[in-house]
Student: 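If you scroll down you'll find the structure; I have some questions about it.
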Amino acid sequence: MGNVYKQKATRPLPENATVKTKRRRATAKELRHNPGVATIVESVATWKDRKGKTKTGVVVAGADGSQRVRTESATYYARFRDGDGLVQDLPTGCRDKQAAMAFLTDRIKRAENVRSNITTTATDRIIDHQTLPLSDHLTAYLDHQKAKGLNATRQSNSKARLNRLAADCNWGRLSDLSAGSLERWLVEQTRAKMSAGTRNEYRQESIGFANWCKRTHRMLDNPFEYVSKADTKNEKRKRRRAMTAPELERLLYVARWRPLAEQGRETIRKTADDLPTNGKSRKTWTREPLTFATIPAAVERARERLADNPKLAAELERLGRERALVYKVAVLTGLRRGEIESLTVGHLDLNERGSLIRMESQDTKNGEAADIPLQAELADDLRAWLEIKRAELNQQDTGGDVLPIQWQEPKLNRADPLFTVPRQFVKILDRDLSAAGIGKTDDRGRTIDFHALRHSFGTLLSTSGVAPRTAQQAMRHSTIDLTMNVYTDPRLLDVAGAMDLLPSLPLSNSLTQPGQERNRATGTDDRRTIDPRTVTPTVTPTVTPKLGNLVQNVSKCDNWEGKPDRPTPNQKQEKSPKNQGLMGVFSKPPARVELATPALRMRCSAN
């Protein structure tokens with residue numbers, strides 16, 4: 001059994017409310033509590049809401065003594081016992097009492113089915129979740145990701161993708177989720193030139209959300225389980241190229257000095273073709289573009305022009321050092337841009353035994369902590385950069401003047417960012433490439449962006465002879481195929497040098513058979529006409545023959561009858577230390593002993 005009712009609540013007394021005292025008859029419920037009170041005196045407030053409708057409510061005293069208005073909910077609530085025997089108070093969303101009673105009847109019937117084992121409690125909960133807005137489920141899903149420990153970027157991407165899918169596919173409730181709506185959306189994005197990889201990310205996000213709904217008993221099945229995955233191999237996508245070592249040197253040089261050199265560019269007058277069409281415009285001149293050859297002269301002119309402003313000159317020089325160091329860290333560690341942005345002073349572990357960058361799980365793309373070894377030269381550069389940041393703290397604390405009497409050198413905060421990476425850093429990279437004379441795109445359509453520095457790191461590992469498994473670990477890749485085929489530029493591999501290591505196979509007009517010249521050089525040609533007894537072996541076996549191998553090489557001659565042959569008086573038996581030693585081993589001396597060596601097979605024939 002159960003009942004429906006309107007929930008009562010209190011709210012602050014509106015400012016435009018008028019309070020009057022009124023009398024009314026007590027209800028039957030009030031008479032049961034107070035039989036002697038037949039008339040109730042109460043204060044009633046009257047006011048108008050935002051829409052201009054007149055509202056009334058009984059005035060009561062709040063907990064803090066202030067006047068509040070007691071109101072009833074506009075819709076009915078249902079109270080009943082569920083299948084587990086617990087009392088539930090649920091909003092029906094119905095303004096009509098008969099409709100609210102129908103809602104209550106349905107819930108009582110479902111509770112009876114659970115108690116009768118017709119349906120399970122999990123199935124009954126799934127029905128409840130179908131009526132909730134999808135935004136409630138998305139909020140709970142994002143809370144689940146936060147509790148799981150995913151990094152902030154991963155959570156932000158999930159929220160943005162799911163909210164976009166819900167808006168574009170008109171998903172208001174869980175019952176609206178369907179494979180057909182997602183497939184139609186993916187087809188539309190294909191026509192809109194969305195890449196296959198991005199479409200797969202949206203597909204995977206939908207599958208992950210539906211799997212979570214299935215595990216938490218919000219849905220019976222995953223409707224996106226059989227949505228096809230886009231083919232990323234055959235699709236034309238943005239390709240990056242690795243940079244050579246000379247190109248990287250030019251890039252670091254330009255990044256180091258370009259901020260200061262910008263102040264030293266010379267002005268040139270525009271030609272007639274470049275003059276503005278507006279006659280009143282005074283832009284008849286422009287700045288000379290920077291090139292790799294003109295940077296030294298531009299830096300000298302900038303220092304002369306900023307002689308009266310040394311602070312600005314120092315700031316520009318510091319900015320160039322920071323940009324060059326960001327490039328160098330990306331090239332010699334393979335860190336991605338987001339990972340470099342998350343670097344703090346506390347991530348550096350610079351010691352004499354071995355310098356590392358200790359990345360935490362929330363700062364890496366795969367969500368796993370990593371210790372990245374640093375090249376010795378890069379470690380020295382980072383130490384110098386920390387000294388620069390520490391010197392800046394000293395100037396801030398002392399105001400650049402005399403030190404106070406009780407002054408202590410400030411320490412860098414471990415949570416301070418190591419670098420300041422602008423949002424549009426790719427535009428800075430494009431200007432540096434242009435000044436260095438490095439093409440943005442090569443003849444195969446491959447481009448250079450910030451992530452191309454990671455490709456350069458992987459290619460440098462391969463060209464330096466690093467083992468593929470070691471390179472995979474340095475790149476922090478899940479598969480070696482990704483390291484070797486995607487992040488290694490085949491154009492920069494020394495294939496020509498590898499060809500020089502192959503053996504020589506000459507085509508000769510001579511009838512001399514292959515190998516005869518080599519045999520003559522070693523004295524082993526025409527070996528069949530030489531008596532082995534007259535040749536002294538010149539090659540020593542690399543492995544000493546064992547007794548078991550010698551026994552296998554023993555063969556009997558035709559005149560072997562179980563007794564050793566005795567020489568005639570006119571014959572002299574040939575003895576050698578080796579033969580005497582072998583004769584002492586066997587109880588029956590063999591007539592023929594074969595000794596197998598890498599150079600020659602010697603035979604002792606019977607007399």
Side-chain angles (χ1 to χ4, degrees), residues 122-123 126-127 129-130 132-142 144-145 148 150-151 153-240 336 338 364-368 444-447 449 451 454-455 472 475-488:
T123 305
I126 290 175
I127 300 175
H129 287 301
Q130 303 304 309
L132 296 178
L134 184 64
S135 58
D136 295 349
H137 301 289
L138 292 179
T139 302
Y141 177 63
L142 295 176
H144 161 72
Q145 288 187 332
K148 192 177 179 181
L150 299 182
N151 56 50
T153 303
R154 177 71 175 85
Q155 297 178 37
S156 177
N157 291 339
S158 297
K159 182 178 180 180
R161 291 167 186 161
L162 291 175
N163 286 336
R164 180 179 179 182
L165 287 173
D168 294 350
C169 300
N170 296 322
W171 293 342
R173 302 181 185 278
L174 288 179
S175 56
D176 298 333
L177 303 183
S178 64
S181 60
L182 179 60
E183 289 175 344
R184 286 192 297 270
W185 184 84
L186 293 175
V187 171
E188 293 175 359
Q189 300 310 311
T190 304
R191 296 171 182 169
K193 306 300 182 181
M194 180 184 286
S195 66
T198 305
R199 297 199 306 272
N200 287 337
E201 290 176 357
Y202 277 93
R203 168 187 171 273
Q204 189 60 39
E205 202 68 57
S206 304
I207 293 177
F209 172 68
N211 285 335
W212 174 80
C213 291
K214 184 177 178 181
R215 290 195 304 269
T216 55
H217 304 293
R218 299 167 188 259
M219 300 177 66
L220 284 175
D221 297 312
N222 186 347
F224 310 124
E225 185 176 0
Y226 299 105
V227 174
S228 300
K229 189 176 182 179
D231 185 9
T232 58
K233 293 184 178 180
N234 298 326
E235 185 184 42
K236 293 183 178 180
R237 56 183 180 178
K238 184 177 181 179
R239 295 182 300 169
R240 300 176 175 91
R336 304 171 179 87
T364 59
K365 182 180 178 181
N366 58 1
E368 297 179 359
R444 297 171 60 183
R446 301 179 303 172
T447 61
D449 56 6
H451 200 70
R454 179 171 169 84
H455 286 252
Q472 177 192 355
M475 296 288 293
R476 293 173 289 127
H477 282 156
S478 58
T479 61
I480 199 170
D481 178 73
L482 186 62
T483 306
M484 295 292 100
N485 296 333
V486 178
Y487 283 85
T488 301

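Nothing fancy with the numbering, it's 1 onward along the sequence.
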Student: Quick one: pull up CZ in Arg336 and OG1 in Thr364 and give me the separation to the nearest 0.5 Å.
Tutor: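 So the CZ of Arg336 and the OG1 of Thr364 are separated by 8.0 Å.
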
Student: What is the minimum heavy-atom distance between Ala140 and Arg218, and which atoms define it?
Tutor: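 That closest heavy-atom pairing would be CB-NH2, 4.0 Å.
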
Student: For Leu134 versus Ala166, what's the shortest heavy-atom pair and its separation?
Tutor: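 So the minimum-distance heavy-atom pair works out to CD2-CB, 3.9 Å.
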
Student: Measuring from Gln145:CD to Ser158:OG, what's the distance to the nearest 0.5 Å?
Tutor: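 It comes to 3.5 Å.
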
Student: Calculate, to the nearest 0.5 Å, the distance between atoms NE2 and OG1 belonging to His144 and Thr216 respectively.
Tutor: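 The distance works out to 9.0 Å.
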
Student: Working note: Arg454 + Met475, criterion side chain to side chain contact (heavy atoms under 4.5 Å, CB included); need CA distance, chi angles, decisive distance, verdict.
Tutor: CA-CA 8 Å; Arg454 179 171 169 84; Met475 296 288 293; 3.9 Å; yes

Student: Which residue in the set Arg199, Arg154, Lys159 passes salt bridge (Lys or Arg N to Asp or Glu O under 4.0 Å) when paired with Glu205?
Tutor: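 Option passing the salt bridge (Lys or Arg N to Asp or Glu O under 4.0 Å) with Glu205: Arg154.
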
Student: Could I get the full list of salt bridge (Lys or Arg N to Asp or Glu O under 4.0 Å) partners for Arg184, not counting sequence neighbours?
Tutor: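 For Arg184, no residue satisfies salt bridge (Lys or Arg N to Asp or Glu O under 4.0 Å) once neighbours in sequence are set aside.
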
Student: Do the non-hydrogen side-chain atoms of His455 and Arg239 ever get within less than 4.5 Å of each other?
Tutor: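 Sidechains of Arg239 and His455: no contact.
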
Student: What is the distance from atom CG of Leu177 to atom CG of Leu182, rounded to the nearest 0.5 Å?
Tutor: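 Here the interatomic distance stands at 9.5 Å.
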
Student: Between Tyr202 and Met194, is any pair of side-chain heavy atoms under 4.5 Å apart?
Tutor: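 In contact.
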
Student: For the residue pair Ala196 and Asp231, what are the closest heavy atoms and their distance?
Tutor: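 Here Ala196 and Asp231 meet closest at CB-O, 3.6 Å.
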
Student: Rounded to the nearest 0.5 Å, how far apart are CG of Leu174 and CG of Leu220?
Tutor: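 CG of Leu220 is found 11.0 Å from CG of Leu174.
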
Student: So, for Lys229 and Asn200, which heavy atoms are closest and what is the spacing to 0.1 Å?
Tutor: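 The pair with the smallest heavy-atom distance is CG-OD1, 3.3 Å.
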
Student: Write down the atom of Ser178, the atom of Pro223, and the distance for their closest heavy-atom approach.
Tutor: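 Distance-wise, the nearest heavy atoms are CA-CB, 4.2 Å.
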
Student: To check you understand the geometry: which heavy-atom pair defines the closest contact between Thr483 and His477, and what is its length?
Tutor: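 Smallest heavy-atom distance, with atoms named: OG1-ND1, 2.7 Å.
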
Student: Is it true that Trp171 and Phe224 have ring centroids separated by less than 6.0 Å?
Tutor: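 Yes, the ring of Trp171 comes within the 6.0 Å limit of the ring of Phe224, centre to centre.
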
Student: Under 30°, 30 to 60°, or over 60°: which ring-plane class applies to Tyr141 and Phe209, parallel, tilted or perpendicular?
Tutor: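 Judged by the thresholds at 30° and 60°, the geometry between Tyr141 and Phe209 is perpendicular.
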
Student: Side chains of His451 and Arg240: do they bring a donor and an acceptor to under 3.5 Å?
Tutor: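 No donor-acceptor contact under 3.5 Å links the two side chains.
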
Student: Give me each pair satisfying salt bridge (charged side-chain N to carboxylate O under 4.0 Å, His left out) with a member in residues 168-183, each pair once, sequence neighbours excluded.
Tutor: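 Matches after skipping sequence neighbours: Arg164-Asp168.
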
Student: Distance check, rounded to the nearest 0.5 Å: Asp221 atom CG versus Asn211 atom CG?
Tutor: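 It is 10.5 Å, given to the nearest 0.5 Å.
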
